[in-house]
Each structure stands twice: as structure tokens, then as C-alpha cells.
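Proteins come first, then strands; the chains are lettered A, B, ... in the order of their sequence lines, and each starts at number 1. Small disclaimer: the values here were computed from a predicted structure and weren't measured.
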Amino acid sequence: MSHYADNPDAIRALVQDKQVHRDVYTSPEIFRLEMKHIFANSWVFVGHESQTPNKGDYFATSIGDQPVIQVRHTNGDINVLLNRCPHKGTKIVIDRQGNTGKFFRCPYHAWSFKTDGCLLAIPLKKGYEGTGLEETQNGKGMKAVGAVQNYRGFIFARLADEGISFEEFFGESLSSFDNMVDRSPAGKLEIMGPPLRYMHKCNWKMLVENQTDTCHPMVAHESSAGTAVKLYEELGLPADAPKPPAMEIIAPFMSPYEMFEDMGIRTWPNGHGHTGVHHSIHSNYSAIPGYFEAMCETYGEEKAKQILGENRHNTVYFPNVMIKGPIQTLRLFIPLAADKTLVESYIYRLVDAPDELTARTAMYNRMINAPTSIVGHDDLEMYERAQEGLAVDGLEWVNIQRLYEDDEDFDTEAVENGTTERQMRNQFHAWVKFMTMDMDPKAAPAREAAE
Amino acid sequence: MTVTKDDLIDFIYEEVRMLDEGRYDEWLALWLPDGHYWMPLDYKQTDPLNVTSLMYEDIFMLKLRVERLNGARTFSQKPKSRCHHVIQRPFVDEMNAEAGTFVTTTFMHYVETRLDEQQLLALTARHEISLVDGKLRIANKRVDIVNCDAAFGNIQLLP
Ligand SMILES: [Fe+2]
């Protein structure tokens with residue numbers, strides 16, 4: 001029977017100051033409620049505008065468990081529609097992407113819809129005359145999401161019709177998107193190829209938390225980063241010889257604790273935060289000829305230096321996206337079940353920057369984020385072991401108290417030691433907020449007195 | 001040495017046997033120093049550099065990959081994975097005896113297993129082979145997985 005539905009007190013009881021109950025990772029009921037509350041009330045990443053550059057271009061994806069279509073409308077705007085025919089439920093778009101022309105046409109009975117969702121035509125329409133179809137929700141057309149925002153090319157949507165505004169939801173955290181886009185001399189990014197798709201048998205939040213977990217790289221990734229350092233030393237190359245790319249990208253994972261402590265972590269309201277306030281594993285990449293000059297041309301030297309001097313490591317946007325500004329990567333943690341998550345890792349090209357930068361970004365993506373990655377292998381192993389280990393009864397809480405301080409206020413921005421778990425606590429603070437904001441205790445099913 | 005079609009076919013068979021038996025030092029010794037192992041992410045992908053691949057690895061990376069498998073703290077290899085190739089007779093697509101360069105295409109099924117899980121991948125391997133100092137060596141290898149765009153869990157050994 002249902003325990004958590006419309007029971008905000010029970011939800012709040014899962015998250016304490018320094019620990020969270022395992023049900024947040026393992027309960028199928030909690031998972032369903034996350035889809036209904038968190039993914040409906042937050043602003044969730046959909047796609048990049050360059051995936052649908054021309055009128056009629058579409059891209060099929062999902063927001064939580066809701067199938068959606070990002071489509072370029074006839075007026076040039078990007079709309080986000082729920083991917084089902086209002087007639088019988090058939091998914092309108094079956095392939096991942098394509099061009100639909102001026103309208104969508106359901107493959108089942110040929111109902112057609114404009115690219116803003118409005119019903120265009122129904123074959124043999126006289127069969128509906130006098131039946132009142134036009135007064136029904138189904139007769140209006142394809143359902144659109146509650147709200148859409150294009151932020152510098154990145155498309156976000158809120159499923160709920162009413163709710164928090166885009167600006168309030170993200171606030172100052174958008175500075176990480178700004179830095180990623182500003183790194184293009186044209187101020188513009190463009191998608192490069194399909195994403196890596198990596199299946200994880202664990203809860204989606206484990207992946208999100210890992211993005212700001214700075215105490216694991218030197219441990220979990222010793223087998224890859226540590227071995228890289230060892231192999232490189234065995235080569236005995238002169239110090240000024242160009243390093244193998246693996247060294248530049250993988251070896252920094254082996255940096256000592258002090259490096260991660262000093263890099264800093266910043267948290268913002270609504271569950272967003274990032275590692276690498278002062279420097280990061282991306283700080284010491286070799287310079288690409290011609291790039292700085294192109295940046296100076298656009299921004300002037302001072303501003304160019306400021307943009308390139310910002311080397312944020314991972315910026316996490318609640319609920320389920322992470323970006324790496326310095327290498328133009330976006331990872332989406334798509335929840336499929338309480339114990340199943342699909343990770344899609346996208347890369348973008350800096351328009352008007354040298355191709356070598358794109359090549360480095362693509363290299364990072366395959367070395368670190370692929371199902372074939374020797375770094376990814378050990379991460380996945382940790383998540384899946386955690387998912388299995390959480391079955392242990394009698395020890396039902398997960399610890400998140402590293403560098404905890406009394407009276408932490410997650411509604412204000414803060415910068416802390418880079419190994420704090422404050423960002424994990426920040427995410428759970430937001431988790432409770434968005435989980436309970438539209439719960440209705442009066443609608444709660446009757447509960448047994450024993451509970 | 002004159003390279004025959006059979007020499008090339010035997011070479012491919014021996015290579016997969018090394019991989020299945022975990023004889024990685026011998027396998028690495030087959031490679032020319034500037035070779036790349038490429039596993040595209042997209043069907044009929046043409047660019048290994050500016051879009052993502054599953055793998056595009058030079059010898060340093062391949063060495064690292066192989067060395068890691070035996071590390072004391074390689075957690076995803078406790079217990080170890082095992083693999084198994086079933087290959088069709090390789091097609092010899094190009095034979096340039098004068099230059100000592102050859103190209104083969106081989107269709108195969110690849111099974112990788114660990115713990116209670118086993119996955120099957122169907123793939124096409126394209127080998128560029130060179131004759132150097134009387135020995136056949138791998139100049140480049142491209143592995144196209146037939147469902148390359150599917151979502152995978154870990155693929156830890158070498159298809
Ligand atoms: Fe990791």
C-alpha cells in the first residue's frame with residue numbers, strides 16, 4: 001500500500017541534516033512520486049537548439065518518465081510537446097530525430113497537428129460532428145509542456161502549467177552555462193554528433209551526487225589514473241616532450257586530496273552547485289594555437305582571460321543534468337526506474353574556435369563517459385555495489401555529513417572547502433522542496449494507524 | 001616473405017584467440033606504434049576525431065587499458081570479465097604485396113561475461129595490416145558494433 005503519496009511529513013522524514021534514508025534510492029513508490037512532483041515542477045533540460053536548426057526539425061527525448069518532442073515551429077520558436085496522439089495514445093514521433101515539415105501526422109489514423117500541437121485535421125471529420133469532440137482535451141491537439149525557455153541555446157521545460165519561474169529556479173547558477181557558451185568566440189555552441197548512452201543499474205541520484213563527490217577520484221580511479229601515471233613514468237620521456245593525451249585527461253583524476261580541497265565547491269539555491277571554484281582538473285590543458293587570439297578579437301584581452309580563467313569542474317543542475325564548461329560537455333541522468341538510469345553524454349563545438357578544441361572534448365567524452373571507458377567502469381561498479389548494499393536491513397541511512405556545519409542555509413549561495421558534501425545536502429534540500437510543494441495531504445489515501 | 005591470403009586469415013584468427021585467452025602482451029606486440037583502435041559510436045561514422053566514439057585509442061591508451069585489467073585496485077575487474085569471439089572467415093579486401101599493406105573485413109560475434117551477466121555483440125572488424133621486417137602487424141583496427149547506438153552497460157574487454 002501507498003505510504004508516501006500525498007504525505008509530505010513522510011517525505012520530509014527521509015531527509016535529515018546529515019543523512020538520507022535508503023528509500024530515496026530504492027523505493028519504487030518514491031521513484032513514481034519523483035516523476036510526478038520533482039520532474040513536473042522543476043525546469044528540466046530537454047535539448048540544444050542546434051539539434052533542431054530548421055523549421056519542422058524535431059528531436060525526441062524525455063522529461064523524467066514523460067516522452068516529449070522538441071520541435072522547431074513555423075515561426076522559428078522551439079516548442080516542447082508531449083509525444084502522444086490525443087486520439088489513441090500512439091507516440092507521434094518514433095525515431096530519435098527528423099523533419100516533419102509543417103505538421104505532425106499520427107501514423108495510426110492520420111490525425112494531424114501543427115508544430116505547436118494544435119489540431120490541424122482529422123480524416124473523415126464528419127464522423128465527429130455533433131459529438132462534442134472540440135470541447136474535450138483530446139480534440140484540441142497534442143499537449144504542450146507547461147513552459148519552455150531557451151537559455152543561450154539550451155532548451156529547458158517545466159511540465160507543470162504553473163510554478164517556479166525559470167529565473168528564480170536557476171538564479172546565479174546560469175553563470176556556468178554563460179561561461180561554457182562565452183568560450184566560443186561567436187558566443188555560440190553547436191551539437192557534435194550523437195550522445196554516448198550508458199546504462200546504469202542504480203538510482204539516478206547516485207550519479208548526480210557523484211558529480212560533486214571529490215573524495216572518490218583518487219580512490220575509485222586509481223586503477224586508470226594511477227596506472228596512467230605509472231606507465232608515463234616508465235616511458236622516461238623528457239619533461240618538455242608533449243604528453244600522451246591520456247595523461248592530460250586521465251592523470252588529473254589522481255590529484256591529491258589537497259587539490260580537491262582547495263578547488264572549492266559553490267552551492268546555489270534550488271539544489272544547484274559546482275566543484276572547481278578556484279581551479280579544477282581542467283585547468284592545465286595545453287593551449288590550442290589561435291584560440292586565445294580569436295577570443296581576444298571578440299572580447300578584448302581582459303575579458304577573454306577572465307572567461308578562460310574560469311575552470312569550473314562539474315556544475316550540477318537540479319534535478320538531473322551536469323555540465324563541464326571548460327570542455328563543453330553535458331551529461332543527462334535519465335531516470336528509468338528506482339534502480340535504473342540511462343546516462344547520455346553530449347558534446348558541443350565552440351563556433352569559430354579551432355577544431356582541436358572539439359577533438360579534445362570528444363576525446364574526453366570517450367575516455368571518461370563511454371561504456372567502454374576505463375574510468376567509467378569503476379564508477380559504475382561503485383554505484384551498482386551501493387544499490388545492492390542498500391538492501392542491508394538495520395542500517396538504513398546514507399551518510400552525507402562531510403564538513404557539515406550547524407544551521408546551513410541552502411537558500412543563499414555559499415563557497416566551501418572542495419571536499420564538502422554540502423552540495424549533496426543542498427540537492428536533498430531541493431528534493432524535499434520540489435517533492436512536497438504540490439502534495440495534498442487531504443488527498444492522501446487512508447493509512448493504517450500503525451504507521 | 002610473400003604474404004598469402006591464408007597468412008592474413010590466420011593472422012586474424014590468432015589475434016582473436018590472444019584476446020580470448022587474455023594474452024595481452026602478445027596482442028600489444030602485434031600493433032605498429034602509431035596504430036589506432038577505433039570503435040565508432042554512430043552507424044557508418046566517418047570522423048574519429050571531432051565527434052564522440054566509443055574508443056579511438058593509441059598504443060599508450062591500449063597499454064593502459066590492458067595494464068589496468070590486472071591491477072590490485074581495479075574494482076570493476078573483481079571478479080574478472082571473460083570474453084569469447086566467434087568469427088567468420090575473414091574477407092581479404094585489399095592485397096598490396098609491393099607496399100606490404102593489406103585490408104581484411106571480418107564479421108564476428110563477441111560475448112563478454114562477468115558474474116551472472118553475459119552480453120552478446122555482433123560486429124564487423126576492419127583490419128589494416130602491414131608487413132614490417134617479415135612480420136604481419138596491425139596498422140589500424142576499426143570495430144563497428146551493429147547496435148553501436150544502443151545503450152550499453154560496461155564493455156570492459158576488447159571486442
Ligand atoms: Fe568517478
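If you measure heavy-atom distances from A/Ile250 to chain B, the contacts under 4.5 Å come from the side chain alone. The part of B/Ala150 that comes within reach of chain A is its backbone (N, CA, C, O), which places non-hydrogen atoms under 4.5 angstrom from that chain. Proximity to chain B (any heavy atom under 4.5 Å) is restricted, for A/Leu380, to the side chain, taken from C-beta onward. For B/Pro48, the part lying near chain A is the backbone, with the side chain staying farther off; criterion is any non-hydrogen pair under 4.5 Å. Interface remark: A/Ile191 contributes no atoms to any contact with chain B (heavy atom separation under 4.5 Å). At a 4.5 Å heavy-atom cutoff, the contact between A/Leu342 and chain B is made by side-chain atoms alone. For A/Ile374, the parts lying near chain B are the backbone and the side chain together; criterion is any non-hydrogen pair under 4.5 Å. With a 4.5 angstrom heavy-atom cutoff, B/Leu41 touches chain A only via side-chain atoms.
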Margin query: Pair B/Phe102, B/Asn96 - check side chain to side chain contact (heavy atoms under 4.5 Å, CB included), show working.
Written below: CA-CA 6 Å; B/Phe102 314 90; B/Asn96 189 339; 6.0 Å; no
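By number of non-hydrogen pairs under 4.5 angstrom with chain B, the leading residue of A/Met192, A/Met247, A/Met382 is A/Met192. For the options A/Gly376, A/Pro244, A/Pro245, heavy-atom pairs under 4.5 Å to chain B are most numerous at A/Pro244. Of the listed residues (A/Ala362, A/Ala220, A/Pro371), the one with the most heavy-atom contacts under 4.5 Å to chain B is A/Pro371. Each of B/Ala72, B/Gly153, B/Pro159 has some count of heavy-atom pairs under 4.5 Å with chain A, and the biggest count is that of B/Gly153.
The CD atom of B/Glu14 lies 11.0 Å from the CD atom of B/Glu21; values are rounded to the nearest 0.5 Å. Rounding to the nearest 0.5 Å gives a distance of 11.0 Å between CD1 of B/Ile129 and CD of B/Glu94. Rounding to the nearest 0.5 Å places CZ of A/Phe45 at 12.0 Å from CZ of A/Phe333. With rounding to the nearest 0.5 angstrom, the CG atom of B/Leu54 is 6.5 Å from the CG atom of A/Leu196. To the nearest 0.5 angstrom, B/Glu26 atom CD is 12.0 Å from B/Glu15 atom CD.
A donor-acceptor pair under 3.5 Å is formed between the side chain of B/Asp7 and the backbone N or O of B/Thr4.
Considering all non-hydrogen atoms of both residues, A/Ala251 and A/Ala225 come closest at O-CB, 4.3 Å. Looking at every heavy atom in both residues, B/Phe75 comes nearest to A/Val219 through CE1-O, 3.6 Å.
Counting non-hydrogen atoms of neighbouring residues, nucleotides and ligands closer than 6.0 angstrom, the CZ atom of B/Arg23 exceeds 12 such neighbours.
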With 3.5 angstrom as the limit, list the donor-acceptor pairs from chain B to chain A, or say none if there aren't any.
residue  : atom : partner  : partner atom : Å
B/Thr52  : OG1  : A/Asn365 : ND2          : 3.1
B/Leu54  : O    : A/Thr372 : OG1          : 2.7
B/Tyr56  : O    : A/Arg366 : NE           : 3.4
B/Arg65  : NH1  : A/Thr372 : O            : 3.1
B/Arg65  : NH2  : A/Thr372 : O            : 2.8
B/Glu67  : OE2  : A/Lys230 : NZ           : 2.9
B/Arg68  : NE   : A/Ser223 : OG           : 3.0
B/Arg68  : NE   : A/Ile374 : O            : 3.3
B/Arg68  : NH2  : A/Asp378 : OD1          : 3.3
B/Arg68  : NH2  : A/Asp378 : OD2          : 3.0
B/Arg73  : NH1  : A/Glu222 : OE1          : 3.0
B/Phe75  : N    : A/Asp378 : OD1          : 3.4
B/Phe75  : O    : A/Arg385 : NH2          : 3.3
B/Ser76  : N    : A/Asp378 : OD1          : 3.1
B/Arg114 : NH1  : A/Glu381 : OE1          : 3.0
B/Arg114 : NH2  : A/Glu381 : OE1          : 3.3
B/Arg114 : NH2  : A/Glu381 : OE2          : 3.1
B/Glu117 : OE1  : A/Lys201 : NZ           : 3.3
B/Glu117 : OE2  : A/Lys201 : NZ           : 2.5
B/Asp149 : O    : A/Arg197 : NH1          : 3.1
B/Phe152 : N    : A/Arg197 : O            : 3.4
B/Phe152 : O    : A/Met199 : N            : 2.8
B/Asn154 : OD1  : A/Tyr198 : OH           : 2.3
B/Ile155 : N    : A/Pro371 : O            : 2.9
B/Ile155 : O    : A/His377 : NE2          : 3.0

